[in-house]
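Step one of this worksheet: look at the structure below.
Residue numbering restarts at 1 for every chain, and letters A, B, ... go by the order of the sequence lines.
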2 protein chains.
Amino acid sequence: MTVLANAAAILRCFSSECAELTVTDVALRLDMPKANASRLMKAMREAGLLETIGAGKRHRPGRLLLDISAAFRHSSPLILMGAEAVARVSAACGHTGYVSVLTGREVTAVTDAPGSNTLRVVSNLGRRLPAHATSTGRALLARQSDAEVRRLYPTGLPAGPANGPRSLDDLLERLRRIRAEGFALAHEEATAGVDAVAVAVGDPATGEAVALCVVFPAAVVGPAERQAILRGLLGGAAEIAARTGDAVPGPARQDERKLA
Amino acid sequence: MTVLANAAAILRCFSSECAELTVTDVALRLDMPKANASRLMKAMREAGLLETIGAGKRHRPGRLLLDISAAFRHSSPLILMGAEAVARVSAACGHTGYVSVLTGREVTAVTDAPGSNTLRVVSNLGRRLPAHATSTGRALLARQSDAEVRRLYPTGLPAGPANGPRSLDDLLERLRRIRAEGFALAHEEATAGVDAVAVAVGDPATGEAVALCVVFPAAVVGPAERQAILRGLLGGAAEIAARTGDAVPGPARQDERKLA
DNA sequence: CCCGTCGTTCCATTATGTGCAACTGGGATT
DNA sequence: AATCCCAGTTGCACATAATGGAACGACGGG
């Protein structure tokens with residue numbers, strides 16, 4: 001299935017950073033013969049996997065793929081419920097919220113709820129981030145055992161942002177705390193000036209898990225508001241957990257769930 | 001490129017309504033040999049185009065596609081600006097908003113801003129709807145000439161909802177009004193109890209156009225609020241049009257842009 | 001325990017995609 | 001206006017790579 005592999009490779013060239021590509025761009029990046037790239041992309045256009053921008057020679061992912069990413073969201077009731085819960089919290093506090101999933105050592109946002117505040121974090125759907133260096137990633141990693149996490153990082157932790165975990169042991173220590181408290185925090189990690197709160201919830205039936213997360217400017221959000229956001233996320237997660245039969249980590253009593 | 005065509009056909013089997021498929025499902029739907037479907041789907045899994053749910057045999061679109069649909073959104077500054085504008089209006093009024101694009105006779109929502117009201121229209125990203133029977137579709141069709149629209153419907157209009165246009169001439173009449181007024185309305189068309197306001201804006205440089213749209217429960221939103229929504233959408237569209245150099249249809253003076 | 005269903009694997013056939021190189025067409029340069 | 005140059009497309013012979021029929025494991029239910 002070389003054509004499929006090549007087609008996927010072409011699709012991989014697209015990302016949030018690089019949204020338009022020409023035939024030679026692709027041929028260069030994948031160092032494949034121009035002829036090949038040309039024919040493949042033509043076929044992909046005809047299949048709806050790619051489309052040209054205007055009438056020019058620049059390409060972008062096709063409409064078909066858009067339809068399908070919607071199917072992905074609908075494929076999992078967990079994601080839908082998560083989106084619903086995050087939307088409620090986001091509407092209440094005005095900050096941007098996400099639902100994210102973990103794949104190996106990376107997290108991806110699958111749904112967003114753009115905030116309504118003038119100063120808010122711009123949403124960045126579909127960008128992969130290192131799990132260990134984000135609140136969503138750690139919230140999801142905390143659902144795994146220490147042994148499983150160690151197995152994910154056989155060569156230790158890659159270098160991360162200043163406030164992120166500095167070593168595998170540091171990470172495991174943070175995960176223990178997340179398991180005990182039931183939520184994850186990030187203070188100016190992936191993005192300067194941005195703090196985040198995340199809560200994970202899963203579906204034992206499918207083995208899936210998602211993280212609900214709200215991000216906000218670190219400087220302008222005080223303890224009371226943070227506590228409100230946390231309460232909203234925990235409440236949403238608890239509702240979902242009740243429906244799926246998931247075990248919620250952390251203190252059983254809501255009032256013990258406080259930010260440090 | 002038969003494998004590509006087949007792969008695309010498999011992807012097309014997924015939709016908002018049908019989010020999970022097994023090998024035999026696919027083999028049946030596309031009546032292709034089971035062997036073929038099995039191998040193809042295996043290859044697609046390895047390429048990241050598909051993934052199994054949990055450890056089972058049900059498949060859904062892969063993570064890769066999710067990343068890419070993000071790229072699609074970023075590919076067009078027009079879509080980004082539209083999303084921004086709709087998010088503002090949506091946050092202000094609490095109703096759900098969309099950015100949609102037109103392909104032939106169908107419109108697809110590419111971005112959504114879920115509303116914050118308890119009673120709101122649930123967003124339905126990525127589902128294709130007939131252009132003539134939606135406010136977004138008509139707003140976009142109105143950017144084309146009567147001749148072009150006629151060419152789109154050589155055999156007349158397909159049957160639509162009760163409040164939708166009943167004939168091609170009816171549609172053209174509505175489009176004329178949209179061109180004159182600068183916005184499109186739908187009253188309980190695609191969905192019972194739901195009204196919608198849509199405004200189209202384009203980028204002459206690329207030939208693209210998007211529709212900004214807000215949907216709301218027909219019964220509980222009064223004239224004043226509708227007017228406010230309309231003003232918000234028109235304002236957003238005007239800002240975008242100013243940046244792209246697009247011509248905004250309808251009365252030049254804002255205060256003439258009123259709902260009937 | 002056996003059967004039905006579902007997915008995967010085997011194998012020969014042939015279609016299919018590959019790579020090289022020549023061709024075209026559109027824009028800039030002078 | 002003539003020319004160059006680069007991006008993209010096409011022809012052709014060769015060999016890889018996908019096809020489909022049927023047989024084989026693997027579950028799960030009756």
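Across the protein-nucleic acid pair, A:Leu21 atom CG and D:dG8 atom C1' stand 15 Å apart, rounded to whole Å. The CE atom of A:Met44 sits 17 Å away from the C1' atom of D:dG8 (whole-angstrom rounding).
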Item to complete: Summarise how protein sits on nucleotides 6-20 of chain C as a single string, 5' to 3': B when a protein heavy atom is under 4.0 Å from the base, S for sugar-phosphate-only contact, - for no contact.
Response: SBBBBB----SSBBB
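The pair A:Glu51-A:Arg45 does not meet the salt-bridge criterion, since no charged nitrogen lies less than 4.0 angstrom from a carboxylate oxygen. With respect to the salt-bridge test (charged N to carboxylate O, under 4.0 angstrom), the residues B:Arg174 and B:Glu181 do not qualify. We find that A:Arg58 and A:Glu20 are joined by a salt bridge, their nearest charged nitrogen and carboxylate oxygen being less than 4.0 Å apart. B:Asp146 and B:Arg151 are not joined by a salt bridge, as no carboxylate oxygen comes within less than 4.0 angstrom of a charged side-chain nitrogen. A salt bridge does not link B:Glu148 with B:Arg105: every distance from a Lys NZ or Arg NE/NH1/NH2 to an Asp or Glu carboxylate oxygen is 4.0 Å or more.
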